[in-house]
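All heavy atoms count here, side chains included; hydrogens, waters and symmetry mates do not.
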Amino acid sequence: MVLSHGVGGSDESVHSTFASRYVRTSLPRYRMPEQSIPKEAAYQIINDELMLDGNPRLNLASFVTTWMEPECDKLIQASVNKNYVDMDEYPVTTELQNRCVNMIAHLFNAPLGDAETAVGVGTVGSSEAIMLAGLAFKRRWQNKMKAAGKPCDKPNIVTGANVQVCWEKFARYFEVELKEVKLSDGYYVMDPQKAVDMVDENTICVAAILGSTLNGEFEDVKLLNDLLTKKNAETGWDTPIHVDAASGGFIAPFLYPELEWDFRLPLVKSINVSGHKYGLVYAGIGWCIWRTKVDLPEELIFHINYLGADQPTFTLNFSKGSSQVIAQYYQLIRLGFEGYKNIMENCQENATVLKQGLEKTGKFNIVSKDNGVPLVAFSLKDSSRHSEFEISDFLRRFGWIVPAYTMPPDAQHVTVLRVVIREDFSRTLAERLVLDIEKVLHELDALPARVPSGDLAALAAAESSEREMEKQRQVISLWKRAVLAKKKTNGVC
């Protein structure tokens with residue numbers, strides 16, 4: 001005989017997730033809810049909102065890695081609960097970071113002896129790395145000026161106007177004047193000669209970009225080094241160079257091994273690189289490497305007796321996860337020089353395919369260079385009917401995220417679209433993107449032409465004039481009413 005038992009009340013476990021009361025009612029957005037909810041409901045609510053985000057692999061605006069091998073994903077998940085700063089508790093993780101620093105230093109041709117350890121640190125990204133490098137330059141300059149009995153309250157850095165915003169943050173946060181070399185039409189990177197001309201006794205360093213975010217172009221660090229060496233000899237200064245290799249640091253050694261941009265140049269004292277860009281690691285890892293120990297002032301290094309061991313540290317952040325450091329080490333030993341070279345060559349080839357496809361449309365000028373970061377920056381030959389911003393907007397209908405932006409001064413009249421070619425951007429996707437761009441162009445051509453900027457100005461002026469005349473008519477009308485009312489009043493009196 002089968003016995004059955006009735007269930008009193010409501011048991012949430014028997015309901016479908018989407019029939020649950022936790023999903024059928026709204027949760028407060030900006031206040032912590034009073035009651036707990038089941039883990040399944042919390043997951044579903046958050047997952048449903050995240051579905052509205054863009055697809056990371058179709059986000060062609062970003063240089064940041066969006067795919068890694070499943071084996072590395074397992075290592076990341078296994079170490080996500082390790083706090084990187086607990087060096088005594090996680091000595092192997094610390095050792096892996098040191099190995100990464102030395103591997104990258106050798107990749108950048110640091111002048112190291114056989115038994116010499118490289119000087120560097122893992123950071124959250126290139127932004128933190130640039131802050132640390134800038135602080136080192138500022139402190140060395142201050143020490144030098146104090147020793148000479150000179151004022152040290154007005155330091156400056158010389159850069160191109162194409163630098164990433166983190167340089168502006170450094171300048172503002174740490175009170176350093178940022179002297180920017182303006183760009184020009186057709187030349188969208190820092191001019192080395194103009195940069196050296198702006199150098200003075202208060203310049204703590206000149207920052208060169210190996211891989212401009214605007215068009216991927218490498219700045220001529222070798223020419224900058226030669227010109228600055230000459231000026232230093234003439235003036236008695238010793239102005240150094242920092243190379244912001246956030247994008248290009250993991251590209252140049254594999255695609256352009258003969259290019260002199262790194263520690264082979266004597267004035268290059270520090271280099272930053274983003275492990276989470278072409279270092280092929282998920283977001284959250286960067287590296288700063290110094291030429292020698294002398295280039296990193298000892299007074300900036302903190303020795304902390306924390307949890308049982310002396311921990312030398314030079315970072316702006318303290319607690320952080322270990323996963324990205326471990327992931328970087330995985331990529332370096334998994335791929336090796338051969339693997340990185342193959343990936344960068346494939347990215348470069350896919351960039352060529354995309355560039356050729358865009359050129360065949362006959363509608364675009366290619367702004368990017370063949371040598372540099374594998375990306376394609378392009379602008380419309382004729383923007384009188386439609387703009388690059390409209391193309392960017394229409395491409396989102398196909399899932400593509402392709403940014404449109406104007407160049408910095410003095411090339412702000414140039415608008416470009418940019419496609420970054422990452423490891424997971426396949427040949428098939430490159431060909432598909434060209435087809436979708438052609439569809440967008442066809443759709444835009446079928447629409448009425450937008451009003452040219454000149455006509456817009458004329459139209460705005462005409463509307464302004466019409467509004468002014470309307471105001472005058474209203475004023476006249478009010479005066480007429482006032483005069484008539486006065487006449488009537490006088491008549492009554």
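- Contact check on Arg427 versus Glu349 returns a salt bridge, with a Lys/Arg side-chain nitrogen under 4.0 Å from an Asp/Glu carboxylate oxygen.
- Atom NE2 of His442 sits in a sparse spot, with 12 or fewer heavy atoms from other residues, nucleotides or ligands closer than 6.0 Å.
- Classification of Asp436 and Arg397 as a salt-bridged pair fails, no side-chain N sitting under 4.0 Å from a carboxylate O.
- Contacts of Tyr256 classified as ring pair (Phe, Tyr, Trp, His ring centres under 6.0 Å), with partners at least two apart in sequence or in another chain: Phe218.
- Residues Ile271 and Trp290 have side chains not in contact (no heavy-atom distance under 4.5 Å, counting atoms from C-beta outward).
- In terms of heavy atoms, Pro111 sits closest to Phe263 at CD-CB, 4.2 Å.
- In this structure, Asn102 contributes its side chain and Asn98 its backbone to a donor-acceptor pair below 3.5 Å.
- Listed here is the closest heavy atom pair of Ala245 and Val273: O-CG2, 3.4 Å.
- Smallest separation of non-hydrogen atoms from Pro297 and Arg140: CG-CG, 3.4 Å.
- In this structure, the separation between CG on Leu280 and CD1 on Ile285 is 13.0 Å, given to the nearest 0.5 Å.
- For Glu390 (side chain) and Ser387 (main-chain N/O), a donor-acceptor pair under 3.5 Å exists by modelled atom type.
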Should Asn83 and Glu89 be marked as a side-chain hydrogen bond (donor to acceptor under 3.5 Å, both in side chains) after you check the CA-CA gap, both sets of side-chain angles, and the distance that decides it? CA-CA 9 Å; Asn83 188 354; Glu89 283 65 31; over 6 Å; no
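- A distance of 11.0 Å separates OH in Tyr84 from CZ in Phe318, rounded to the nearest 0.5 Å.
- Counted by atom type alone, Asn162 and Glu219 present one or more donor-acceptor pairs between their side chains at under 3.5 Å.
- In this structure, a donor-acceptor pair under 3.5 Å is present between the side chains of Asp382 and Ser384.
- When the shell of 6.0 Å around CZ of Phe337 is examined, it contains more than 12 heavy atoms from other residues, nucleotides or ligands.
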Test side chain to side chain contact (heavy atoms under 4.5 Å, CB included) applied to Ile76 and Met68, step by step: CA-CA 10 Å; Ile76 290 173; Met68 296 189 75; 4.1 Å; yes
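- Atoms CD1 and OG1, on Ile326 and Thr93 in that order, are 4.0 Å from each other to the nearest 0.5 Å.
- Although no hydrogens or angles enter the test, the distance criterion places a donor-acceptor pair under 3.5 Å between the side chain of Arg291 and the main chain of Val268.
- Defined by atom type and a distance below 3.5 Å, a donor-acceptor pair is present between the side-chain atoms of Gln328 and Trp287.
- Note on Lys231 versus Asp197: no salt bridge recorded, every NZ/NE/NH1/NH2 to OD/OE distance being 4.0 Å or above.
- Smallest separation of non-hydrogen atoms from Asp295 and Ala136: O-CB, 4.0 Å.
- Contact check for Glu388 versus Ser379: side-chain heavy atoms found under the 4.5 Å cut-off.
- The closest side-chain donor-acceptor pair between Gln164 and Asp244, if any, does not fall under 3.5 angstrom.
- Using cut-offs of 30° and 60° on the angle between ring planes, the pair Trp167 and Phe170 is perpendicular.
- In summary, the side chains of Glu443 and His386 do not present any donor paired with an acceptor at a separation below 3.5 Å, with no hydrogens or angles considered.
- A salt bridge between Arg99 and Glu95 is present, with a side-chain N of the basic residue lying under 4.0 Å from a carboxylate O of the acidic one.
- In this structure the side chain of Pro240 reaches within 4.5 angstrom of the side chain of Phe137, judged on heavy atoms.
- One finds the SG atom of Cys166 at 6.0 Å from the CE atom of Met131 (value rounded to the nearest 0.5 Å).
- Annotation: side chain of Asn225 is in contact with side chain of Pro266 (closest heavy-atom distance under 4.5 Å).
- Considering all non-hydrogen atoms of both residues, Val420 and Ala61 come closest at CG2-O, 4.0 Å.
- Using a 4.5 Å cut-off on side-chain heavy atoms (C-beta onward), Tyr330 and Glu71 make contact.
- Using a 30° and 60° split on the angle between ring planes, Tyr340 and Phe254 fall in the parallel class, below 30°.
- One finds a salt bridge joining Lys179 and Asp200 here, because a Lys/Arg side-chain nitrogen approaches an Asp/Glu carboxylate oxygen to under 4.0 Å.
- Counting heavy atoms from C-beta on, the side chains of Asp410 and Ser184 never come closer than 4.5 Å.
- No hydrogens or angles considered: a donor-acceptor pair under 3.5 Å links the side chains of Asn109 and Asp262.
- Electrostatic pairing of Arg172 and Glu168 does not count as a salt bridge here, judged by no charged N lying under 4.0 Å from a carboxylate O.
- At a cut-off of 3.5 Å, with distance as the only test, a side-chain donor of Asp73 or Tyr282 sits close to an acceptor on the other residue.
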Could you please spell out the steps behind the side chain to side chain contact (heavy atoms under 4.5 Å, CB included) verdict for Tyr329 and Met103? CA-CA 9 Å; Tyr329 184 67; Met103 289 181 184; 3.8 Å; yes
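- In the model, Gln193 has no side-chain atom that pairs as donor or acceptor with a side-chain atom of Asp191 under 3.5 Å.
- Here the straight-line distance linking atom CG of Leu224 with atom CG of Leu265 works out to 9.0 Å at 0.5 Å rounding.
- Within a 6.0 Å sphere centred on NZ of Lys144, other residues, nucleotides and ligands contribute more than 12 heavy atoms.
- The shortest distance between side-chain heavy atoms of Leu214 and Pro408 falls below 4.5 Å.
- Around CG of Asp370, the count of heavy atoms belonging to other residues, nucleotides or ligands within 6.0 Å does not exceed 12.
- Judged purely by atom type and a 3.5 angstrom limit, Arg264 uses its side chain to pair as donor or acceptor with the backbone of Leu259.
- Between Leu300 atom CG and Phe314 atom CZ the span is 4.5 Å, to the nearest 0.5 Å.
- Scanning all heavy atoms of the two residues, the minimum distance from Asn143 to Glu299 falls at ND2-OE2, 2.8 Å.
- Using a 4.0 Å cut-off between charged nitrogen and carboxylate oxygen, Lys230 and Asp226 do not count as a salt-bridge pair.
- Under the 3.5 Å distance criterion, with hydrogens and angles disregarded, no donor-acceptor pair is assigned to the side chains of Thr65 and His276.
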Test log, rule side chain to side chain contact (heavy atoms under 4.5 Å, CB included), inputs Leu441 and Ile391: CA-CA 7 Å; Leu441 291 173; Ile391 294 175; 4.0 Å; yes
Could you go through the salt bridge (charged side-chain N to carboxylate O under 4.0 Å, His left out) check for Glu201 and Lys150 one step at a time? CA-CA 10 Å; Glu201 191 176 17; Lys150 296 180 179 179; 2.4 Å; yes
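- The existence of a salt bridge linking Glu177 and Lys154 is excluded, since no basic side-chain nitrogen approaches an acidic carboxylate oxygen closer than 4.0 Å.
- Environment of OH in Tyr173: sparse, with no more than 12 heavy atoms of neighbouring residues, nucleotides or ligands closer than 6.0 Å.
- Within the 4.5 Å cutoff, side-chain heavy atoms of Leu316 are placed close to those of Leu135.
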Evaluate His242 against Lys269 for side chain to side chain contact (heavy atoms under 4.5 Å, CB included), listing each step before the verdict. CA-CA 6 Å; His242 174 84; Lys269 303 300 183 181; over 6 Å; no
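- The pair Glu438-Lys363 fails the salt-bridge criterion, with no side-chain N (NZ, NE, NH1 or NH2) lying under 4.0 Å from an Asp/Glu carboxylate O.
- Outside the 6.0 Å centre-distance limit, the rings of Tyr278 and Phe250 are not counted as a close aromatic pair.
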